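Since we're looking at a predicted model, the values are computed, not measured. Convention: sequence-line order gives letters A, B, ...; per-chain numbering from 1.
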Amino acid sequence: MKPDLSVSLGSLRVKNPVMSASGTFGYGLEFSPFFDISRLGAIVVKGLSLEPSKGNPPGRIVETASGMLNAIGLQNIGVERFVADVVPRLEDAGATYVANIYGRTPEEYEEVARRVSSIRSLAAIEVNASCPNVKEGGMAFGATPEGVSRLTARVRQSTDKPVWVKLSPNVSDIGTIASAAAGAGADAVSLINTLVGMAVDHRTRRPKLSNVTGGLSGPAIKPVALRMVWEVCRRVSIPVIGIGGIQTAADALEFLLVGASAVQVGTANFRNPMACIEILEGIEAFLREERLTGISEYRGTLSR
Amino acid sequence: MKPDLSVSLGSLRVKNPVMSASGTFGYGLEFSPFFDISRLGAIVVKGLSLEPSKGNPPGRIVETASGMLNAIGLQNIGVERFVADVVPRLEDAGATYVANIYGRTPEEYEEVARRVSSIRSLAAIEVNASCPNVKEGGMAFGATPEGVSRLTARVRQSTDKPVWVKLSPNVSDIGTIASAAAGAGADAVSLINTLVGMAVDHRTRRPKLSNVTGGLSGPAIKPVALRMVWEVCRRVSIPVIGIGGIQTAADALEFLLVGASAVQVGTANFRNPMACIEILEGIEAFLREERLTGISEYRGTLSR
Amino acid sequence: MHSPNSGMQFVPGKIVRNEAHGEIFYRLEVSVPAPMEFVPGQFAMVSGWPGNDPLLPRPLALFHSRSVPKGKHTVEFVYKVVGRGTALLSGMHPGEPLAMTMPLGRGFDLGKGGRMYWLVGGGVGFSSVFPAAAALAWKKADFEIFLGSRTRRHLPPKELTPVGPAPGLVHLCTEDGTAGYFGRVTDAVRERIKSLTIASASRLTILACGPREMLKDLAQAAEACGAQMQAALENHMACGFGVCWGCVVALRDGEGTAHRRVCKEGPVFDAREVVW
Amino acid sequence: MHSPNSGMQFVPGKIVRNEAHGEIFYRLEVSVPAPMEFVPGQFAMVSGWPGNDPLLPRPLALFHSRSVPKGKHTVEFVYKVVGRGTALLSGMHPGEPLAMTMPLGRGFDLGKGGRMYWLVGGGVGFSSVFPAAAALAWKKADFEIFLGSRTRRHLPPKELTPVGPAPGLVHLCTEDGTAGYFGRVTDAVRERIKSLTIASASRLTILACGPREMLKDLAQAAEACGAQMQAALENHMACGFGVCWGCVVALRDGEGTAHRRVCKEGPVFDAREVVW
Ligand SMILES: Cc1cc2nc3c(=O)[nH]c(=O)nc-3n(C[C@H](O)[C@H](O)[C@H](O)COP(=O)(O)OP(=O)(O)OC[C@H]3O[C@@H](n4cnc5c(N)ncnc54)[C@H](O)[C@@H]3O)c2cc1C
Ligand SMILES: Cc1cc2nc3c(=O)[nH]c(=O)nc-3n(C[C@H](O)[C@H](O)[C@H](O)COP(=O)(O)OP(=O)(O)OC[C@H]3O[C@@H](n4cnc5c(N)ncnc54)[C@H](O)[C@@H]3O)c2cc1C
Ligand SMILES: Cc1cc2nc3c(=O)[nH]c(=O)nc-3n(C[C@H](O)[C@H](O)[C@H](O)COP(=O)(O)O)c2cc1C
Ligand SMILES: Cc1cc2nc3c(=O)[nH]c(=O)nc-3n(C[C@H](O)[C@H](O)[C@H](O)COP(=O)(O)O)c2cc1C
Ligand code: FES
Ligand code: FES
């Protein structure tokens with residue numbers, strides 16, 4: 001019997017729990033040469049801002065031990081071109097896709113949310129609540145429960161689409177922050193975004209990134225991500241989407257085991273553009289092997 | 001000309017900036033078979049508590065990508081046996097050593113600090129302010145500026161030794177926390193301690209650590225550690241001791257470059273018990289190569 | 001620049017040989033399930049060493065591809081060990097698996113008839129220059145090769161010559177004078193430009209791959225004499241196929257500049273567009 | 001248990017050979033700067049593969065050490081590929097460097113005269129049992145060897161026999177009956193215990209290394225007949241020389257239990273002390 005891979009994320013049901021993470025999968029179409037992108041549970045597209053953005057100057061990526069730092073600075077085509085050029089092609093491809101949005105101010109977030117809301121085929125909005133360049137006293141929205149709560153409420157009231165709030169791991173108490181998002185009406189939380197890190201060259205005495213600091217991703221951060229997902233799953237009753245260092249089906253299953261409803265695959269797409277599909281097939285094979293009827297029989301079954 | 005490797009940590013001058021990190025170097029004597037332990041800038045001994053402690057049940061370490069999780073649970077011989085059995089041997093070895101202390105309550109910290117203060121040969125006290133099992137509402141002392149401030153002040157008033165406060169990286173704003181320690185009289189801050197992480201077995205559906213969560217260390221965390229040290233160096237004027245994923249002289253130099261006055265080597269001691277000495281010699285070779293007269297000419301010279 | 005990116009695939013391969021050639025180069029041949037066509041200048045993202053450190057695949061120019069009718073198909077690379085990734089690669093052995101995403105990027109544009117090509121390779125840069133030479137030889141185009149290195153032993157070994165009907169005129173240049181022209185390859189090119197008529201300079205296209213300083217210097221020389229130039233740039237890459245936006249360089253765009261991906265809009269760019 | 005830990009060193013070595021033997025075992029020989037003495041049951045922490053993943057060194061029992069008077073000194077290990085670390089190790093080649101911290105831990109106590117030893121190795125456990133057999137053979141002690149595995153092809157290959165004047169009586173056991181005794185090695189031992197007199201059972205010392213279930217079962221059998229037993233335990237290790245406290249197991253300590261380090265107080269423990 002074929003196990004049931006579909007999962008519910010609040011009102012949204014997706015065909016399987018394997019999604020691509022924002023910023024690591026372009027606008028989805030870039031992966032069409034590799035596989036049929038409609039097979040994914042969802043594609044979360046590159047972060048969209050109101051206006052097109054050039055991003056940071058070169059010196060944007062550095063490899064670290066089992067990880068990488070990026071400081072892309074959200075280079076993107078802007079919401080208008082996304083709607084005009086990308087959406088029709090995603091529709092043609094039959095893809096389930098999610099808009100990851102970002103703004104310099106709460107007003108901008110709201111505006112981007114409003115614009116993408118009119119897209120019929122859009123499955124959900126993921127709010128990148130961990131942007132480092134915002135008003136509120138230089139601190140990220142994502143760093144305080146109040147900030148997350150306000151931002152979530154604001155996006156929530158400006159759209160009918162499911163709202164996922166993507167959380168920053170650079171906080172003292174991820175559980176409280178997730179609760180704040182849930183309390184303000186988020187349909188799901190996705191975590192983790194990247195850990196803030198830095199790399200320097202001890203000979204030239206310069207930072208390796210033009211932006212000095214960047215976001216750490218990849219297998220190096222998996223233990224932290226898994227812990228945070230586990231913590232949040234015990235704190236909130238909305239679905240949790242697990243992200244961070246997932247490279248294999250086993251990694252993805254670990255996140256489902258601690259309670260995640262779905263996972264997103266990020267950095268792994270770079271080394272292996274087939275990673276998402278291999279993970280999807282690996283999960284299915286595992287469920288068969290263990291004679292489980294579906295994801296729901298496995299999810300959150302960690303024992304002590 | 002031999003470069004001057006000595007560095008000042010407030011009133012304490014040490015012969016070089018290379019120290020061993022607490023919990024990864026035993027009581028120091030364990031490394032005597034490998035090299036003369038008096039060569040190190042300082043040895044920070046395994047965390048000491050008031051009473052001997054059995055630590056956590058087995059299932060204490062897990063390897064992760066370029067890192068490891070530990071949940072030793074501070075198994076240690078207790079302050080009394082340390083003073084009676086270990087101190088005389090460290091003195092015989094001519095080692096510069098620091099007591100890393102830990103308590104379940106502020107009173108316990110104070111008591112341990114008081115007891116070790118009577119040891120003439122003790123160079124400093126390092127306060128492990130990132131213990132997960134404390135009073136204050138289940139939150140670690142180390143997670144709030146108030147907690148750190150109170151703990152620092154308390155230890156400060158109970159000893160004449162230099163007080164180093166060791167900070168947890170699991171916080172939203174490490175700069176503010178470091179400032180709190182400085183404000184409360186710390187002579188130096190050491191960072192980072194481990195990131196809280198977790199590992200599970202997707203087949204047995206069990207956590208890999210008996211304690212479920214553990215502390216992530218090793219090269220995987222170096223980018224996060226370096227960023228935090230850089231941030232703290234720009235916020236406080238007391239010396240900063242850099243810790244996290246240091247394995248080579250180049251790694252150590254990176255921390256000095258962003259402003260650290262000294263470094264501690266942790267997990268690297270496990271794979272290579274000669275790591276500290278190789279790092280020390282590597283730093284000296286680098287200074288020669290660059291024709292620098294000493295550490296002070298290099299420290300904090302990161303340009304943009 | 002020529003762009004046949006449509007054929008890009010994730011290809012599981014198996015190492016056929018991986019041997020040192022000369023003092024600093026390795027030649028790597030990998031068997032692949034199907035014939036691999038590429039435009040000179042295109043590259044592959046290569047990975048396969050065990051563990052997650054280093055994590056990212058490494059870009060290597062496609063050097064040669066071979067296809068025996070009913071036999072094995074292979075692709076070849078030439079590389080130099082400069083860091084951990086290439087060191088790990090050099091330790092891998094025949095029979096071991098290797099994954100490649102390829103062909104990637106835009107290669108050299110060899111399309112226009114009647115032009116004269118100077119192919120300039122600095123260091124291991126010959127790895128994308130030789131395939132261009134082979135292609136030009138097949139087209140019976142007018143071309144010459146300039147190869148530069150620090151010293152004789154760092155020039156491409158004999159057995160790694162371009163494959164094709166005509167070898168083309170090869171100018172060797174060494175900085176220490178141990179072989180060929182005594183000096184930098186850019187100086188050799190500059191000197192030779194001086195002997196060109198204005199008419200032939202306007203027919204000249206330089207195709208170059210090598211250190212950034214070399215490319216910059218050549219771009220100035222080309223600009224000054226009215227020649228065209230295509231430069232193969234390098235940058236750190238995470239994905240190699242245009243999705244991470246990590247590999248951008250600033251290119252001229254009207255009055256200002258725009259960030260272009262070396263892996264997608266490049267690696268070969270019109271030298272006049274590059275902000276050197 | 002015998003404890004000569006004083007000689008512990010961090011030793012830079014170079015691989016001399018690293019070859020598959022039989023279906024699942026590898027034999028690794030590494031040249032070292034000076035002769036290495038060890039007590040059977042002691043081990044080394046081995047590392048040297050490139051990169052930081054896996055990060056930690058791997059514990060391997062010291063299988064043999066060789067010292068040619070004016071020639072090379074080497075140490076040997078026998079291992080089975082079970083995960084990434086051992087897979088990486090199996091990919092390493094002669095000439096490559098390997099670092100070892102050794103000798104570590106407390107080995108088997110072979111000290112008492114007049115005793116009868118049964119050496120039991122389950123799976124790759126023979127790697128610490130054979131050195132004990134060799135030592136006992138030199139002492140002309142009374143000993144027999146029991147080797148267990150799932151199937152014939154997983155028994156130690158012929159060429160990996162203990163080195164010594166007398167081979168000792170060897171009982172092979174396979175769970176699928178493809179060689180020797182049909183059944184688990186513990187059952188073979190239990191059956192043979194039945195034929196012992198009470199007097200000889202009290203002279204018996206079992207030295208065992210293998211899966212935990214096997215050790216537990218043997219410990220019960222030994223306890224029941226009044227024999228002694230020394231069990232070589234395994235655990236995940238970070239350092240291997242007693243400083244990380246990661247490898248502890250619970251051992252009986254008066255009324256309660258205490259945490260003892262497998263790498264330091266072990267790996268060989270008196271079976272009665274272990275909380276099975
Ligand atoms: C399109 C393209 C084609 C290439 N083709 C070839 C080829 O055919 N043969 C060949 O030998 N090399 C080629 N290279 C360069 C090769 O990719 C790098 O040498 C390799 O990635 C270095 O990896 P490493 O792990 O050995 O070095 P690392 O340890 O990563 O770095 C060693 C040093 O090289 C520098 N470096 C590393 N990667 C790059 C890069 N991509 N761009 C610029 N500097 C870098 C680092 O900053 C560092 O100083 C090509 C690069 C590109 C972008
Ligand atoms: C003192 C001692 C001596 C040993 N001697 C030998 C020997 O001579 N030959 C030999 O082949 N093996 C020996 N081992 C076991 C060997 O250390 C492990 O097989 C090896 O560390 C596995 O590494 P890996 O990266 O290949 O596997 P991993 O990918 O780390 O793990 C694969 C599987 O093995 C389990 N495992 C890994 N390490 C250990 C461990 N130390 N204890 C228990 N389970 C583990 C894991 O839980 C996992 O299920 C010894 C172990 C110890 C503690
Ligand atoms: C190059 C790069 C670009 C990213 N861009 C975005 C982005 O635009 N919006 C966002 O929410 N997250 C972004 N992320 C974060 C990822 O979506 C993901 O949360 C993170 O990388 C952790 O997952 P991983 O370890 O699987 O990569 C980016 C990550 C990388 C590596
Ligand atoms: C096994 C282990 C035990 C540790 N025990 C302590 C401790 O007792 N007290 C303390 O302050 N830090 C302890 N630490 C943290 C280290 O001192 C250090 O801060 C951390 O490991 C990061 O450095 P590294 O990446 O170099 O290991 C321990 C770390 C490890 C790996
Ligand atoms: S390397 Fe990812 S976009 Fe070029
Ligand atoms: S492995 Fe570190 S104490 Fe045993």
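Looking at R261(C), neither its backbone nor its side chain comes within 4.5 Å of chain A, counting heavy atoms on both sides. In this structure, chain A has no heavy atom under 4.5 Å from any part of A99(C). Proximity to chain C is limited to the side chain of F31(A), based on heavy atoms less than 4.5 angstrom apart.
Between R271(A) and P54(C), the shortest heavy-atom distance links the atoms NH1-O, 4.1 Å. Nearest approach of F270(A) to C239(C), heavy atoms of both residues: CD2-CB, 3.6 Å.
Across A238(C), S47(C), P57(C), the residue that shares the most heavy-atom pairs under 4.5 angstrom with chain A is A238(C). Each of M274(A), E30(A), M68(A), Q75(A) has some count of heavy-atom pairs under 4.5 Å with chain C, and the biggest count is that of Q75(A). Note: G67(A) leads S32(A), G218(A), G67(A) in heavy-atom pairs under 4.5 Å with chain C. By number of non-hydrogen pairs under 4.5 angstrom with chain C, the leading residue of A65(A), G73(A), G23(A), A268(A) is A65(A).
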#### Entry: Stepwise ring-ring contact (aromatic ring centres under 6.0 Å, His included) test for F10(C) and F35(A)
CA-CA 10 Å; F10(C) 181 66; F35(A) 60 85; over 10 Å; no
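Within the 4.5 Å cutoff, side-chain heavy atoms of D53(C) are placed close to those of S66(A). Inter-residue side-chain proximity for K222(A) and N52(C) is flagged as unmet; no heavy-atom pair is nearer than 4.5 Å. Annotation: side chain of V243(C) is not in contact with side chain of K46(A) (no heavy-atom distance under 4.5 Å).
Identified by a heavy-atom distance below 4.5 Å to chain C, the contributing residues of residues 50-61 of chain A are K54(A), G55(A), N56(A), P57(A), P58(A), R60(A), I61(A), in residue-number order.
Atom CD of E223(C) has 12 or fewer heavy atoms from other residues, nucleotides or ligands within 6.0 Å. Within a 6.0 Å sphere centred on CZ of R252(C), other residues, nucleotides and ligands contribute more than 12 heavy atoms.
For E63(A) (side chain) and L56(C) (main-chain N/O), a donor-acceptor pair under 3.5 Å exists by modelled atom type.
Here M45(C) contributes atom CE and N272(A) contributes atom CG; the two are 12.5 Å apart, rounded to the nearest 0.5 Å.
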